[in-house]
Q: 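Have a look at this one.
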Amino acid sequence: MAYTIPAVQPSLTRQPAWKALHEHYRAARHWHLRQLFAENPKRAEQFRAQACGLYLDYSKNRINDETVRLLLQLARDCRLDEHIEAMFKGRKINVTEQRAALHIALRAPLEESILLDGVDIVRQVHAELERMSRFANAVRRKEWLGHTGKPVRNIINIGIGGSDLGPVMAFEALRNFSQRDLVFRFVSNVDGTDFAEATRGLAADETLFIVCSKTFKTLETLTNANAARQWIMAGTGDSGVTARHFVAVSANVKGAIEFGIEGSNVFGMPEWDGGRYSMDSAVGLSTMLSIGPENFRSMLSGFHAMDKHFRTTPFERNLPVLMGLLTIWYNNFFNAQTVAVLPYEQYLKRFPAYLQQLTMESNGKHVTLDGASVDYQTGPIYWGEPGTNGQHSFYQLIHQGTKLIPCDFIGFCQTVSSVRQHSILIANLFAQSRALAFGENADDVRAQGTAPALVPHRVLEGNQPSNTLLARKLTPSTLGSLVALYEHSVFTQGIIWGVDSFDQWGVELGKKLAGQIIPHLEGRDEPPREFDGSTRALIEIYRRLSPRSEPVEEDLGQDHGNEH
Ligand SMILES: O=P(O)(O)OC[C@H]1O[C@](O)(CO)[C@@H](O)[C@@H]1O
């Protein structure tokens with residue numbers, strides 16, 4: 001059944017709540033967090049919410065009751081509730097590809113049923129989870145043997161985008177739950193050095209590749225999978241060994257089999273799940289191999305708990321809705337261009353990179369669902385680094401630069417590490433959100449005996465907004481809830497902007513053009529006239545300096561250094 005978009009009339013910027021927010025912003029832009037806290041001692045209790053073991057403190061935002069009221073009104077006017085139901089019911093909300101976006105089914109418990117075209121997909125999901133578990137247990141118990149009879153010890157996931165970032169992020173985040181006698185590596189870039197470094201020092205007959213690609217057509221992944229096949233064959237001296245050393249994760253089972261992977265070694269990925277929403281599908285096979293089926297299921301239960309919260313909790317207490325609306329507030333009214341994600345947890349070091357695809361591939365859109373150009377800003381730039389590392393790098397710009405940068409701080413009350421210095425880490429988190437909010441004015445600086453000429457340099461204006469997310473401990477279940485929180489925050493934002501958060505047409509042109517250029521880098525024909533002058537010149541220089549060509553005298557004058 002074709003999906004009818006719940007009509008939002010009039011368009012976004014002409015809606016009463018939007019206009020009221022504009023009006024409200026004219027006053028709000030002059031507020032200072034110092035003043036907001038001074039005026040309302042109950043602020044911290046008022047602007048907080050809690051769900052699925054995550055505590056959200058959003059009191060250090062440039063908001064008051066009225067801001068929240070208007071933002072919630074905007075969400076209602078945009079019929080967010082109907083859109084949420086449409087997603088959960090499997091309606092084809094990815095309108096440009098006529099697909100459902102049913103990642104929530106990947107973590108639904110077996111007793112629930114979600115029908116898609118008359119088929120209960122929850123059963124299918126659990127059947128695939130069972131297959132994954134059997135395979136993961138065999139590898140983890142050393143029962144899965146390579147072709148020389150040795151157990152597999154090294155697991156290399158080959159994939160890119162959603163087929164890489166989720167697996168890497170989850171592996172890093174849950175390292176402490178990892179089976180330590182297995183080695184995990186990840187290859188994504190088509191740059192051959194990525195493959196070379198991932199395989200360095202590993203024995204081919206103890207290595208298993210997971211070729212992870214929803215489409216099984218992605219150039220980078222297929223190129224690396226071919227390199228893997230050659231590497232395995234060269235390392236084992238046998239051409240018939242792929243069966244023991246390759247498995248695939250794909251929605252294109254035929255493509256994986258044609259590549260040479262046995263059908264029984266292909267784990268299915270549903271068409272209705274987008275790459276950036278897939279770390280909890282078979283794409284998470286490397287995660288399951290690392291942390292084991294039980295922990296993987298616990299991660300799924302964390303996702304599911306947040307799904308339920310998102311679907312059933314009134315918007316005023318709904319974490320993803322609140323976080324999504326706050327992003328709209330800064331992005332569209334304060335004209336903030338970015339959001340910094342700052343995990344005070346080393347194991348979350350790849351979380352900002354993971355979020356970049358989730359948020360920016362989803363909401364980096366310039367037209368609404370019906371194809372009309374937007375007349376407002378859509379998805380902000382997400383970026384970040386873990387904890388105190390960022391403090392000694394880019395925080396200076398957030399403290400004293402000229403840009404408004406809303407921050408999401410993420411911290412845990414208990415460490416998973418055996419090294420006991422956690423309170424120092426968390427004190428830094430609390431200190432930073434405090435310094436960013438309240439700063440230090442000229443009087444404070446002078447009172448510290450600062451020389452007058454230095455006073456302006458030492459003033460921190462403060463008023464940089466932030467959310468703080470606190471949880472007890474980084475466990476598989478907490479990770480699931482945290483990821484689902486951001487997924488649904490992205491959804492909320494996409495609904496307000498009226499964009500399709502589940503397609504990604506923008507990445508196609510680059511792929512097509514790369515396909516046109518490759519033969520010209522490898523061949524000797526003149527680059528075609530249709531190519532622009534800059535590209536033609538770059539191709540010529542590349543050919544001149546690449547190892548395929550004759551040595552040339554002048555070579556851009558670089559120092560070759562010592563290569564090992
Ligand atoms: O899993 P696949 O099909 O190889 O695609 C990888 C990635 O490529 C993209 O389609 C973007 O090109 C992402 O959305 C996706 O996660």
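Remember, it's 1-based here, ligands and their atoms both numbered in the order they're listed. Excluded from the calculations below are hydrogen atoms, water molecules and symmetry mates; all remaining heavy atoms, backbone and side chain alike, are included.
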Q: Can a donor-acceptor pair be found between the side chains of Glu262 and Asn265 at a distance below 3.5 Å?
A: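 No pair is found: no donor N or O on one side chain lies under 3.5 Å from an acceptor on the other.
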Q: Do Phe303 and His103 have ring centres separated by under 6.0 Å?
A: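 Between Phe303 and His103, the centre distance exceeds or equals 6.0 Å.
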Q: Do Glu361 and Arg276 pass the salt bridge (Lys or Arg N to Asp or Glu O under 4.0 Å) test, and can you show the C-alpha distance, the side-chain angles, and the key distance before you say yes or no?
A: CA-CA 8 Å; Glu361 204 171 68; Arg276 55 191 176 273; 2.8 Å; yes
Q: List by chain and number: which residues place a heavy atom under 4.0 Å from ligand 1?
A: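 Answer by chain and number: Ile160, Gly161, Gly162, Ser163, Ser213, Lys214, Thr215, Thr218, Gly275, Gln357, Glu361, Gln504, Val507, Lys511.
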Q: Does Arg153 have any side-chain contact (heavy atoms from CB on, under 4.5 Å) partners at least two apart in sequence or in another chain, and if so, which?
A: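 Checked Arg153 against side-chain contact (heavy atoms from CB on, under 4.5 Å); matches are Glu206.
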Q: Tell me whether Glu487 is salt-bridged to Arg107, with the criterion being a basic N under 4.0 Å from an acidic carboxylate O.
A: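 So Glu487 pairs with Arg107 through a salt bridge.
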Q: So, is the end of the Arg229 side chain (NZ or CZ) under 6.0 Å from the ring centre of Phe259 and within 45° of the ring's axis?
A: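 Here Arg229 passes the 6.0 Å and 45° test against Phe259.
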